[in-house]
2 protein chains.
Amino acid sequence: MKSKTAGRVGIEDVAERAGVAISSVSRVLSGHKAVSESMRKRVEKAAEELGYQPDHLAQSLRRGSTRTIGFMIRDIMNPFFSIIAQSCEIELQKSHYSMILVNSGGSETNERNNLNLLKSRRVDGIICSLVSENTVDVKSNLKNFNAPVLLLDRELPDLKTSSLLCDHASGVHDAVSHLISEGHTRIAFISGPRNIYVTRNRLEGYERAFKEAKLEIPTDLVKLKDFSEKFAKEETLKLFQLPDPPTAILTGGIGPSGGALYALKDLNKSVYTDIKFIALDEWPFFDILSPNLMSVHRDPEIMGKYAAKLIKELIDGGAPKTIVIPTVFRNHESLTDQGFGK
Amino acid sequence: MKSKTAGRVGIEDVAERAGVAISSVSRVLSGHKAVSESMRKRVEKAAEELGYQPDHLAQSLRRGSTRTIGFMIRDIMNPFFSIIAQSCEIELQKSHYSMILVNSGGSETNERNNLNLLKSRRVDGIICSLVSENTVDVKSNLKNFNAPVLLLDRELPDLKTSSLLCDHASGVHDAVSHLISEGHTRIAFISGPRNIYVTRNRLEGYERAFKEAKLEIPTDLVKLKDFSEKFAKEETLKLFQLPDPPTAILTGGIGPSGGALYALKDLNKSVYTDIKFIALDEWPFFDILSPNLMSVHRDPEIMGKYAAKLIKELIDGGAPKTIVIPTVFRNHESLTDQGFGK
DNA sequence: CGTACCATTGGAAACGTTTCCACACAACGG
DNA sequence: CCGTTGTGTGGAAACGTTTCCAATGGTACG
C-alpha cells in the first residue's frame, strides 16, 4: 500500500521492505559481486515476498541493450521460414533473448520500414532474409544499423555481416544427376530471382549436372523470377504448351512448389505417374503424404539454431563469419515400396 | 558532431538543430495540437535532415505503453498455430503494434515463466493458447496480469478475458455423420486432454452424430490425453490390435494427425484404400497432396485477424467478449475424380 | 597507533522520452 | 486601461532502472 504506483511493485518497494538502498537491491538482483551475504538474503527475501519483476524497459534504457533480436522475413506464412524463425526463437530464449518477428512480404518498401521499426525498438541484433542483394536503400539502412546483422541465404560482402548459407548446389546437382540417370533430359527448373545467392547457387548445381553428363542445358526450361506461387503456376502451365514439354520439374522453395503443383492439378497431370517432381525444400508431412515426390532437403530447425548462435556471437563482439549448411537429395520412392500411399 | 552519443541522434539533437526546446520537438512529432505552423515546419525539417527515429524504449517507459502484444503458444512449430500467430502479427503491424512470440512447448512451468517474461516486458496485451484451463498457478498469474488477455480455444469465465473459440462441434458432427452414412460405425477419435474447451467441444459433435443415428458411442475408440504426436501414434497402433479395429479415424490437431499417419505407415495401412482418415485441422498443401483425406477445416488466417481485433478492442477499453469461428467438414474425395494423385 | 586499503553501502546522475506546469505575450471585452 | 482568457513555448519532473562516485567502517600492516 505504500507503493506509489498501485499496480506495479518496483525496485523502490523492494528496497523499502528490505530496509536498504535502491542501488543495493539492484546490485543484489543483477548478481553484482560486492554484496554481503546478509544483504543478499534480505533483498532476495523482500523481492520474493513482493513478487518483484524488474521492468525490462527501464533496464534496457539504462543498460543500452534490449536483449531482443529482430527477425525480418520475406514470407512469414511460409512454413519453411517460420520453422527457422521459431527454432531460432527457442534457442534465443535459452539465452534470455526475445524475438520480434516482422514480415516484409517480399516488398522492399516494407523492408525499409521494418528496419526502421527495429532500429527504433533498439534490437541488439537483426537476422534477415532479404528480397534482393541489390537494394541500395536497404543496404545503406543495414550499414547504418547500430546492431550486428546476420543474413540468411544472402551475401553482402561489402557489409560487415555474418551469413548463414546453404549448399544448395550439391543437393540440386545430385537431384538433377539422378533424373538424368533415369533418362530425363527435359528437366525444368523454376525458382526465385537470379540476383540472389540461393538462386545462383541452385542454378550452379543444375548446370553442373548437365555438364557432367555432357548434355546441353535446356535453357528454355529455366524460369527464374520470384518466389511467388503465382509465377510458378503460370510458368508451369506455359511449359506444357511447349512442343517438347518437360518430363521432370524442380521447383525452388515452398511457394513455387505449391504453384507448380496447382498447375499440374489443373493440367490433370499426376505427380505420381505422369511427371517427376522434385521440391527444393520440404513442408510438414512431406515424407509421409507425398509418396513418389522427391526433394532437396535442408533442415530449417538446424538453420534456426545456427542463426541464433551466429547472431549471439556477433553481439558478443565476435567477428563476422559465414556458415554453410549442407543440403541432401532425398528420393522418397522407397515409401511406395512399402505399399503406403498407392 | 555536437551530439553526446556518437551513434544515435536523439530528440535533443533535433531540438538544437531547429533551435527550439525539447518539449516542442516532442509536441510536434507526437502530433500535439498546440503548435504553430512555423514551429511544426522547422522541427519536421530538422528531424528529417537528421534522420531522427524516436527511441521506442524511452517512449514506452514514459508513456506506460509498449505497443507490444505477447503471444504465447503451446507448439510454435505447429503450422496451424504459427499461421494464426503470423496472420495476427500482420494485422497488428497495421496498428503499429509489434508482437513477441513465446513458446510454452506444452509445459505449465514454461507457461508461468513466459507470463513473467511478458509481464516484465510490459506488453500491452497478451494472447495465449493455454495447455489447460485448470492450472491454478497460471490462472492466478493471468488474473494479476496488468494487461488484457485473450484466450484461444479456451474459456476461463471467472477471469475477465476475451475468448476466440471455434465451433468444432458442428464440423466434427458433420464429419462423423458422413462416415456413419457410409456405413462406418467403428470410428476412432484421438485428441487432446478432456479438460479444455476444444476437446470437450469436439467430443460433443462426435457424440451427437452417434446419438442422432441412434448408434452406441464406441467409447473404446475414444482416446483423449494430449496433443502430442507420440500419444496419437501409440494409441493408433493399439487401436489396430483390437479384435474389432476401427475403419475410420478422426485425429484432433496437426500433431496427433501426424502421429496417426506415421502409425498407419508402420502398420502398412494405406489412408487411400484401407482406412478413412479425417484430420481436424489441415496443414499446408493438404488439399492438393493428400487425396482422399478429409478434414474439418477452420481458417487460421481468419483466426489470427480476429485475435488481433479482439485484443486491440480490449486494450482500447472494450468489454471482454467471445467470438466463435465456424468449422466446416471438407470431403476431398472430389480430387480423385479429376484423376489427380492416384 | 596511524595510515592505507578493501569491502560494502547509499546517494544521485543518467538513459531518452512525454507531459505537467508556469510563463510570456497577444487579443479581447468591460 | 486593466483584468481575463487563450495560445504557444520552455523548463523540469517523471518513468524505473543501473552505475558511478563518495562515504563509511573495518582490517592489516608498518
Side-chain angles (χ1 to χ4, degrees), chain A residues 2-43 46-47 50-68 119-124 146, chain B residues 2-43 46-47 50-68 119-124 146:
Chain A
K2 290 172 182 176
S3 117
K4 291 178 296 183
T5 345
R8 265 191 67 83
V9 15
I11 199 174
E12 195 171 352
D13 303 294
V14 180
E16 193 176 332
R17 174 150 194 141
V20 300
I22 293 180
S23 47
S24 297
V25 176
S26 174
R27 266 187 299 257
V28 169
L29 266 32
S30 54
H32 210 279
K33 47 227 147 185
V35 277
S36 69
E37 202 48 37
S38 67
M39 168 72 84
R40 157 154 287 115
K41 282 195 180 139
R42 277 170 66 188
V43 170
L50 293 171
Y52 169 66
Q53 287 277 115
D55 183 326
H56 196 87
L57 282 177
Q59 288 183 322
S60 300
L61 181 60
R62 180 57 234 231
R63 286 183 167 150
S65 142
T66 54
R67 281 203 102 71
T68 304
K119 191 183 281 183
S120 186
R121 294 232 170 208
R122 290 199 145 198
V123 293
D124 289 348
N146 39 7
Chain B
K2 291 171 180 177
S3 118
K4 292 178 298 184
T5 346
R8 264 192 67 84
V9 16
I11 199 174
E12 196 172 351
D13 303 294
V14 180
E16 193 176 332
R17 174 151 195 138
V20 300
I22 292 180
S23 46
S24 298
V25 177
S26 174
R27 265 187 300 257
V28 170
L29 266 33
S30 55
H32 210 279
K33 48 228 146 185
V35 278
S36 67
E37 202 49 36
S38 68
M39 168 73 84
R40 157 155 288 116
K41 282 197 179 137
R42 277 169 67 187
V43 169
L50 292 171
Y52 169 66
Q53 286 279 114
D55 183 325
H56 196 88
L57 282 177
Q59 288 183 322
S60 300
L61 181 60
R62 180 56 234 232
R63 287 183 167 149
S65 144
T66 54
R67 280 203 103 70
T68 305
K119 190 183 283 183
S120 186
R121 294 235 170 204
R122 290 201 144 196
V123 293
D124 289 348
N146 39 7

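So that the names make sense, note that chain A is the first sequence line, chain B the second, and so on, each numbered from 1.
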- [ ] Using a cut-off of strictly less than 4.0 Å, decide whether A:Ser60 has a side-chain nitrogen or oxygen near OP1 or OP2 of C:dC15.
- [x] no
So, does B:Tyr52 get its side chain near the phosphate of C:dG16, meaning an N or O under 4.0 Å from OP1 or OP2? no
Does A:Arg62 contact D:dT18 through a side-chain donor or acceptor facing the base, at a distance under 3.5 Å? yes
Quick one: is C:dT17 close enough that its OP1 or OP2 comes under 4.0 Å of any side-chain N or O from B:Arg8? yes
In whole angstroms, the gap separating P of D:dA14 from CG of A:Leu61 amounts to 17 Å
Rounded to whole Å, the CG-C1' distance (A:Leu29 to D:dG16) equals 13 Å
Here the distance between atom P of D:dC15 and atom CD1 of A:Ile22, to the nearest Å, is 11 Å
Notebook entry, point to check: Can a donor-acceptor pair under 3.5 Å be found between the side-chain atoms of B:Arg27 and the base atoms of D:dG10?
Noted result: yes
dist A:Ile22:CD1 -> A:Arg27:CZ (nearest 0.5 Å) comes out at 11.5 Å
note: A:Arg122, atom CZ; C:dC15, atom C1'; distance rounded to Å ~ 8 Å
- Query: Can you check whether B:Ser24 has a side-chain N or O nearer than 4.0 Å to OP1 or OP2 of D:dT9?
  - Reply: no
note: B:Arg121, atom CZ; D:dG16, atom P; distance rounded to Å ~ 18 Å
note: B:Asp55, atom CG; C:dC15, atom P; distance rounded to Å ~ 12 Å
Out of D:dT18, C:dT8, D:dG11, minimum distance to the side chain of B:Ala21 belongs to D:dG11
| field | C:dT18 OP1/OP2 closer than 4.0 Å to side-chain N/O of B:Arg63 | value | yes
- Message: Below the 4.0 Å mark, does C:dT18 have OP1 or OP2 next to a side-chain nitrogen or oxygen of B:Ser23?
- Response: no
*Note: B:Arg67-B:Asp124 ion pair, threshold 4.0 Å (strictly below)*: no
Discussion item. Can you confirm whether the side chains of A:Thr68 and A:Arg122 place a donor and an acceptor under 3.5 Å from each other?
Written reply: no
Atom CD of B:Glu12 and atom C1' of C:dC15 are separated, to the nearest Å, by 12 Å
pair B:Val43-B:Met39: side-chain heavy atoms closer than 4.5 Å: yes
Open item on the list: Considering every strand and a 4.0 Å limit on heavy-atom distances, what is the contact class for A:Ser36: base, sugar-phosphate, or nothing?
Closed with: sugar-phosphate
| said: Any base atoms under 4.0 Å from B:Leu57, or only sugar-phosphate, or nothing? Heavy atoms, all strands. | reply: nothing
So CZ of B:Arg62 and OG of B:Ser26: to nearest 0.5 Å the spacing works out to 9.5 Å
Ranking A:Ala58 and B:Val35 by the position along DNA chain D of their nearest nucleotide, the one closer to 5' is B:Val35
Atom CD of B:Glu37 and atom P of D:dT9 are separated, to the nearest Å, by 11 Å
